[in-house]
Peer 1: 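Attaching a single structure in structure tokens format; questions to follow.
Just the heavy atoms: all of them, side chains too, but no hydrogens, waters or symmetry mates, feed the values below.
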Amino acid sequence: MLAIRTFAQDELTTFAQHCRIPIVNALTDLEHPCQILADLLTVEENFGEVAGRTVTYIGDGNNIAHSLLLGCALAGAHVRVASPEGFAPDPAVVAQARNLAAGTEVVVTTDPKAAAAGANVLYTDVWASMGQEGEAIARQAAFRPYQINAELLALAKPGAIVLHCLPAHREEEITTEVLEGPNPGSGIRQKIASMPKKP
Ligand code: NVA
């Protein structure tokens, strides 16, 4: 097998078309399935099962959002994605998730509070992904209301866990208070503890 971590999904599909061995997506700009498999395992470790839980992603409708939509739909979890206008997940991926979902909700919204209400899991990712570093400053204003902070977390279900694919940008998509609080899921607490603190 070959695991490929790259930008363009096309590179991966081209490889797959010309290879006789299995190709694993280890991150493209479209999807990040291995990350989401690990996250769903964390959800299972924390709640006993994934099915029936509500997983809310707040932020950029990017590769993480896409794989979370698909992974939750397959695993029987309700999934909600809240993104600023213009940064919603790819409608084709949302449609694919809705096709996969067997009676569970697949919600895409611009309202982070409605998405967070009653959720078991709040998930976020950086506002500018790898390859988008040049857009980082311009994106900040649009994404500011989509920060996971104590106020947003208070809307989630008591005992909710917080996930982030890491590395996190403190005080951007997530506050240090939440990142270092009791809510991050078991699988990522250790990783967070080893991350350098921002001055
Ligand atoms: N959306 C991020 C995920 C990093 C694990 C990126 O593509 O850079």
Peer 1: Same cluster for Leu122 and Leu166 if Ile/Leu/Val/Met/Phe/Trp/Tyr side chains link at under 4.5 Å?
Peer 2: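 Same hydrophobic cluster.
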Peer 1: What are the two closest non-hydrogen atoms of Ala65 and Tyr57, and how far apart are they?
Peer 2: CB-CE2, 3.6 Å
Peer 1: Can a donor-acceptor pair be found between the side chains of Thr175 and Gln147 at a distance below 3.5 Å?
Peer 2: no
Peer 1: Quick one: closest heavy-atom pair of Phe143 and Gly59, and the distance?
Peer 2: CE2-C, 3.7 Å
Peer 1: Counting distance only, does the side-chain N/O of His66 pair as donor-acceptor with the main-chain N or O of Leu30 below 3.5 Å?
Peer 2: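 Answer holds: yes.
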Peer 1: Are Leu2 and Leu12 linked, directly or through other ILVMFWY residues, by side chains that come within less than 4.5 angstrom of each other?
Peer 2: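 Yes, one cluster joins them.
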Peer 1: With side chains defined as the heavy atoms from C-beta onward, is the minimum distance between Val162 and Ile174 less than 4.5 Å?
Peer 2: yes
Peer 1: Measure the shortest side-chain to side-chain distance between Leu69 and Val94 over non-hydrogen atoms and say whether it is less than 4.5 angstrom.
Peer 2: yes
Peer 1: Which pair of heavy atoms, one from Val108 and one from Arg98, lies closest together, and at what distance?
Peer 2: N-NH2, 4.1 Å
Peer 1: State whether Glu133 and Arg139 are salt-bridged, where the test is any N-O pair (Lys NZ or Arg NE/NH1/NH2 against Asp/Glu carboxylate O) under 4.0 Å.
Peer 2: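 Salt bridge flag = no for Arg139 with Glu133.
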Peer 1: Please give me the minimum heavy-atom distance between Val106 and Ala101, naming the atom from each residue.
Peer 2: CG2-CB, 3.9 Å
Peer 1: Got Cys165 and Tyr123 here, is their nearest side-chain heavy-atom distance under 4.5 Å?
Peer 2: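 Counting from C-beta outward, Cys165 and Tyr123 do come under 4.5 Å.
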Peer 1: Begin with the C-alpha distance, continue with both residues' side-chain angles, and end with the deciding distance and a verdict on side chain to side chain contact (heavy atoms under 4.5 Å, CB included) for Thr110 and Ser83.
Peer 2: CA-CA 5 Å; Thr110 54; Ser83 310; over 6 Å; no
Peer 1: Linking directly or through intermediates, with side-chain heavy atoms under 4.5 Å: list the remaining ILVMFWY members grouped with Leu41, chain and number order.
Peer 2: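 Under the 4.5 Å side-chain rule, Leu41 groups with nothing.
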Peer 1: Please determine whether a side-chain nitrogen of the Lys or Arg among Glu172 and Arg144 lies less than 4.0 Å from a carboxylate oxygen of the Asp or Glu.
Peer 2: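 Arg144 and Glu172: not salt-bridged.
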Peer 1: Determine the sole option in Glu173, His164, His32 for which the side chain to side chain contact (heavy atoms under 4.5 Å, CB included) test with Asp125 is passed.
Peer 2: His164
Peer 1: Pair Leu27, Gln35 - check side chain to side chain contact (heavy atoms under 4.5 Å, CB included), show working.
Peer 2: CA-CA 8 Å; Leu27 184 148; Gln35 171 72 46; over 6 Å; no
Peer 1: Judged by modelled atom types alone, do Glu151 and Asn149 share a side-chain donor-acceptor pair under 3.5 Å?
Peer 2: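 The answer is no; no qualifying pair exists.
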Peer 1: Donor-acceptor pair, Asn120 side chain versus Thr54 backbone, under 3.5 Å?
Peer 2: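 Yes, Asn120 side chain to Thr54 backbone: donor-acceptor pair under 3.5 Å.
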Peer 1: Indicate whether the side chain of Thr6 and that of Glu11 have a donor and an acceptor atom separated by less than 3.5 Å.
Peer 2: yes
Peer 1: Taking it one step at a time, do Thr176 and Glu171 satisfy side-chain hydrogen bond (donor to acceptor under 3.5 Å, both in side chains)?
Peer 2: CA-CA 6 Å; Thr176 295; Glu171 307 308 329; 3.2 Å; yes
Peer 1: Does atom CD (Glu177) have a neighbourhood of more than 12 heavy atoms from anything else shown, all under 6.0 Å?
Peer 2: no
Peer 1: Give, for atom CG of Asp39 and atom SG of Cys34, the distance between the pair rounded to the nearest 0.5 Å.
Peer 2: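 Rounded to the nearest 0.5 Å, the CG-SG separation comes out at 11.0 Å.
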Peer 1: Does Gln132 offer a backbone N or O that forms a donor-acceptor pair with the side chain of Glu135 under 3.5 Å?
Peer 2: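 Here the side-chain-to-backbone pair does not exist.
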Peer 1: When rounded to the nearest 0.5 angstrom, what is the spacing between CD1 in Ile23 and CZ in Phe15?
Peer 2: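 Rounded to the nearest 0.5 Å, the CD1-CZ separation comes out at 6.5 Å.
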Peer 1: Any side-chain heavy atom of Ile4 sitting closer than 4.5 Å to one from Asn25?
Peer 2: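 They are not in side-chain contact.
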Peer 1: Could you pull out the closest heavy-atom pair between Val178 and Ala150, with the gap in Å?
Peer 2: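 Shortest heavy-atom contact: CG2-N, 3.6 Å.
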Peer 1: Do Arg80 and Val55 have side-chain heavy atoms sitting under 4.5 Å apart?
Peer 2: no
Peer 1: Taking side chain to side chain contact (heavy atoms under 4.5 Å, CB included) as the criterion, tell me which of Thr56, Ile36, Val79 meets it with Cys72.
Peer 2: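 The option that passes is Val79.
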Peer 1: How close do Ala119 and Ala160 get, counting heavy atoms only, and between which atoms?
Peer 2: O-CB, 3.6 Å
Peer 1: Could you state the interatomic distance from OG1 (Thr42) to CZ (Phe47), rounded to the nearest 0.5 Å?
Peer 2: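 So the OG1 of Thr42 and the CZ of Phe47 are separated by 11.0 Å.
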Peer 1: Are any non-hydrogen side-chain atoms of Met1 and Ile21 less than 4.5 angstrom apart?
Peer 2: no
Peer 1: When you group the ILVMFWY residues by side-chain heavy-atom contacts below 4.5 Å and let the links chain together, are Val121 and Val50 in the same group?
Peer 2: yes
Peer 1: Flag yes if Phe87 and Ile58 sit in one hydrophobic cluster, no otherwise; membership is Ile, Leu, Val, Met, Phe, Trp, Tyr, and two members link when side-chain heavy atoms are under 4.5 Å apart.
Peer 2: no
Peer 1: If we only count heavy atoms from C-beta on, is the Lys157 to Arg53 side-chain gap below 4.5 Å?
Peer 2: no
Peer 1: Determine, stepwise, if the pair Leu153 / Leu155 fulfils side chain to side chain contact (heavy atoms under 4.5 Å, CB included).
Peer 2: CA-CA 5 Å; Leu153 184 56; Leu155 301 174; over 6 Å; no
Peer 1: What I'd like to find out is whether the side chain of Leu100 reaches to under 4.5 Å of the side chain of Leu70, using heavy atoms alone.
Peer 2: yes
Peer 1: Enter the distance from Asn62:CG to Asp90:CG here, rounded to the nearest 0.5 Å.
Peer 2: 11.5 Å
Peer 1: Under the 3.5 angstrom rule, does the side chain of Asn63 hit a backbone N or O of Thr28 as a donor-acceptor pair?
Peer 2: yes
Peer 1: Does Val81 share a hydrophobic cluster with Trp127, counting links as ILVMFWY side-chain heavy atoms below 4.5 Å and allowing steps through other members?
Peer 2: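 Cluster IDs for Val81 and Trp127 differ.
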